[in-house]
Amino acid sequence: MLGPVILAASRSDKMRRLISAAPVTKPVVDRFIPGETVDQVVPIIKDLTGKGLEVTMDVVGEDITTPEQSYAARDAYLELIGRLKELGLGTKAEMSVKLSMFGQALEGGHELALANVRPVVEAAAAIGTTVTLDAEDHTTLDSMFAIHEALRKDFPQTGCVIQAYLFRTEADARRLAESGSRVRLVKGAYKEPAEVAYQQKAETDKAYVRILKILMEGEGYPMIGSHDPRLISIAQELARTAGRKLDEYEFQMLYGIRSDEHVRLAAEGHRMRVYTAYGTDWYGYFMRRLAEKPANLLFFARSILTKG
């Protein structure tokens with residue numbers, strides 16, 4: 001059970017310093033995070049959209065400690081939206097945001113996060129795209145859903161993320177499906193206690209299918225966040241059973257993982273969106289990618305052994 005150990009390491013300053021300083025780390029991180037600046041990531045966006053893919057962009061970095069850092073996060077997204085406008089890619093690229101990066105955990109954080117994210121949502125809408133609110137640990141979700149509801153009053157296309165391993169998620173899915181929302185379903189990548197979340201992969205997988213069925217049969221727009229071939233096949237079957245057309249749902253996968261599958265699904269006519277992160281504060285994001293799948297950890301370990 002390496003996943004929980006890695007997730008604990010994602011919150012460790014000592015491990016952050018150790019891994020960040022390792023000479024082999026950067027080439028491995030580059031597999032998942034293709035740049036630190038907008039200028040570095042623009043060619044990646046052009047390449048992906050040129051292949052018939054769509055993207056959702058995440059400026060990494062959620063562990064902020066001051067309001068000034070939350071304003072900087074807001075401005076980073078506004079800069080990104082400005083570049084997307086210049087490139088004419090507004091309809092091919094959306095944004096994913098973590099509200100912790102916008103100040104959610106600070107004093108008065110709910111109001112601060114809402115105030116910071118609203119101009120980003122407004123700017124995204126102005127270029128023909130939207131924003132999805134990422135889910136974080138379970139203690140933040142009531143605030144996230146309240147902000148989502150507030151934003152949708154003016155920007156109904158605003159999306160949110162739900163996590164299959166949480167017990168509460170089936171009820172959240174029913175509510176969101178009835179409201180016609182855009183919902184990304186993922187398995188979940190935070191260390192959660194047994195009181196609120198499934199601890200075994202098999203239980204999470206079963207919950208994922210139950211929740212996806214709710215979304216497919218509802219009035220919203222499901223976004224399937226998974227690399228699991230079995231779940232992808234199940235999603236296609238659930239969509240057919242629900243009578244959904246190919247443009248009435250989409251698949252989402254992480255940059256750097258199963259890239260051939262991205263292209264294959266797009267070639268079949270599916271909407272395929274690549275979750276693409278960039279920025280300097282990559283550590284927490286990177287460690288969660290390792291925790292999600294043993295193959296990612298083996299990839300990292302093999303790189304250390306062969307390059308160290």
Side-chain angles (χ1 to χ4, degrees), residues 56-59 61-64 70 73-74 77 94-122 124-125 129-193 195-198 204 207-208 210-226 249-250 252 273 275 284-285 288:
T56 184
M57 304 302 300
D58 175 9
V59 184
E62 60 253 43
D63 295 324
I64 70 165
S70 76
R74 174 201 62 200
Y77 274 97
E94 66 158 41
M95 266 57 64
S96 289
V97 304
K98 289 181 173 59
L99 292 175
S100 59
M101 190 176 175
F102 284 69
Q104 186 186 44
L106 304 180
E107 184 176 355
H110 179 85
E111 292 76 16
L112 178 62
L114 177 56
N116 277 330
V117 76
R118 184 175 288 277
V120 175
V121 174
E122 291 175 347
T129 189
T130 189
V131 171
T132 295
L133 307 182
D134 273 331
E136 300 181 70
D137 75 79
H138 77 278
T139 64
T140 69
L141 295 184
D142 286 342
S143 171
M144 186 273 281
F145 285 128
I147 290 174
H148 177 243
E149 184 176 350
L151 291 170
R152 287 195 68 216
K153 292 176 181 178
D154 297 316
F155 306 96
Q157 70 274 30
T158 304
C160 70
V161 176
I162 57 176
Q163 301 166 105
Y165 67 174
L166 294 176
F167 301 151
R168 65 172 288 171
T169 300
E170 287 187 56
D172 289 329
R174 290 189 182 92
R175 172 177 54 82
L176 292 163
E178 290 175 357
S179 72
S181 187
R182 297 172 66 258
V183 182
R184 180 195 304 146
L185 175 62
V186 300
K187 290 185 180 181
Y190 290 83
K191 184 180 180 181
E192 298 285 11
E195 292 78 18
V196 302
Y198 299 110
T204 298
Y208 193 104
R210 292 194 302 270
I211 296 162
L212 185 55
K213 186 173 187 290
I214 293 169
L215 296 177
M216 286 293 187
E217 294 177 350
E219 299 175 3
Y221 180 78
M223 300 181 284
I224 302 103
S226 177
Y249 64 97
E250 69 181 49
Q252 295 193 4
R273 192 178 301 275
Y275 191 108
Y285 177 89
R288 284 194 297 278

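Note that the numbering runs from 1 along the sequence shown for the chain. Here the structure is a predicted model, which means the values were calculated and not measured.
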### Message
Minimum heavy-atom separation for His138 and Pro193, please, with both atom names.
### Response
CE1-CD, 4.0 Å
### Query
For Tyr208, what residues pass the ring pair (Phe, Tyr, Trp, His ring centres under 6.0 Å) criterion, not counting sequence neighbours?
none
### Query
With distance as the sole criterion, is a donor-acceptor pair present between the side chains of Ser143 and Gln104 under 3.5 Å?
yes
### Chi angles and distances behind the side-chain contact (heavy atoms from CB on, under 4.5 Å) call for Arg168, Asp142
CA-CA 11 Å; Arg168 65 172 288 171; Asp142 286 342; 3.0 Å; yes
### Task
Provide the closest heavy-atom pair for Ala189 versus Tyr165 in the form atom of the first, atom of the second, distance.
N-OH, 3.5 Å
#### Entry: Flag side-chain contact, heavy atom, 4.5 Å: Lys98 against Asp58
yes
### Summary
CD of Gln252 to CG of Leu185, rounded to nearest 0.5 Å, is 10.5 Å
#### Entry: Validation row: Arg74, Val120 side chains within 4.5 angstrom (heavy atoms)
yes
Can you give the donor-acceptor pairs under 3.5 Å from side chains of residues 210-224 to other protein atoms, not counting sequence neighbours?
residue	atom	partner	partner atom	Å
Arg210	NE	Glu170	OE2	3.0
Arg210	NH2	Glu170	OE2	3.1
Arg210	NH2	Tyr198	OH	3.2
Lys213	NZ	Glu217	OE2	2.7
Tyr221	OH	Glu250	OE1	2.7
Tyr221	OH	Arg271	NH1	3.1

### Task
Compare all side-chain heavy atoms of Leu133 with those of Val97 and state whether any distance is below 4.5 angstrom.
yes
#### Entry: CG on Leu112 to OG on Ser70, rounded to 0.5 Å
4.0 Å
### Query
With a 4.0 Å cut-off, would you call Arg182 and Glu94 a salt bridge?
yes
### Message
Could you report the tightest heavy-atom contact between Leu151 and Arg118, atom names first, then the distance?
### Response
CD2-CA, 4.1 Å
### Query
Should Leu99 and Thr140 count as side-chain neighbours, where that means a heavy-atom distance under 4.5 Å?
no
### Query
Within 45 degrees of the axis of the six-membered ring of Phe145 and under 6.0 Å from its centre: does Arg175 put its NZ or CZ there?
yes
### Query
So, do Ile162 and Leu141 sit near enough that their side-chain heavy atoms are less than 4.5 Å apart?
no
### Query
With a cut-off of 6.0 Å (strictly less than), are more than 12 heavy atoms of other residues, nucleotides or ligands near CD of Glu122?
yes
#### Entry: For the student: nearest non-hydrogen atoms of Ser179 and Arg152, plus distance
OG-NH1, 3.1 Å
### Summary
dist Gln163:CD -> Glu136:CD (nearest 0.5 Å) comes out at 9.0 Å
### Task
Report yes if the side chains of Glu195 and Phe167 come closer than 4.5 Å at any heavy-atom pair, otherwise no.
no
### Task
Could you tell me whether a side-chain N or O of Tyr77 sits under 3.5 Å from a main-chain N or O of Ser96, the two making a donor and an acceptor?
yes
### Query
Can you name the closest pair of heavy atoms from Ser181 and Thr158 and give their distance?
OG-O, 3.9 Å
### Task
Report the distance from atom CE of Met57 to atom OG1 of Thr132, rounding to the nearest 0.5 Å.
13.5 Å
### Query
So how far is it from Lys191 NZ to Asp137 CG, rounded to the nearest 0.5 Å?
12.5 Å
### Query
Any side-chain heavy atom of Leu166 within less than 4.5 Å of one from Asp172?
no
### Summary
For Met101 and Val59, the nearest pair of non-hydrogen atoms, with its separation, is SD-O, 3.0 Å
## Note on the structure
To the nearest 0.5 Å, atom NZ of Lys187 lies from atom OG1 of Thr169 at 14.5 Å
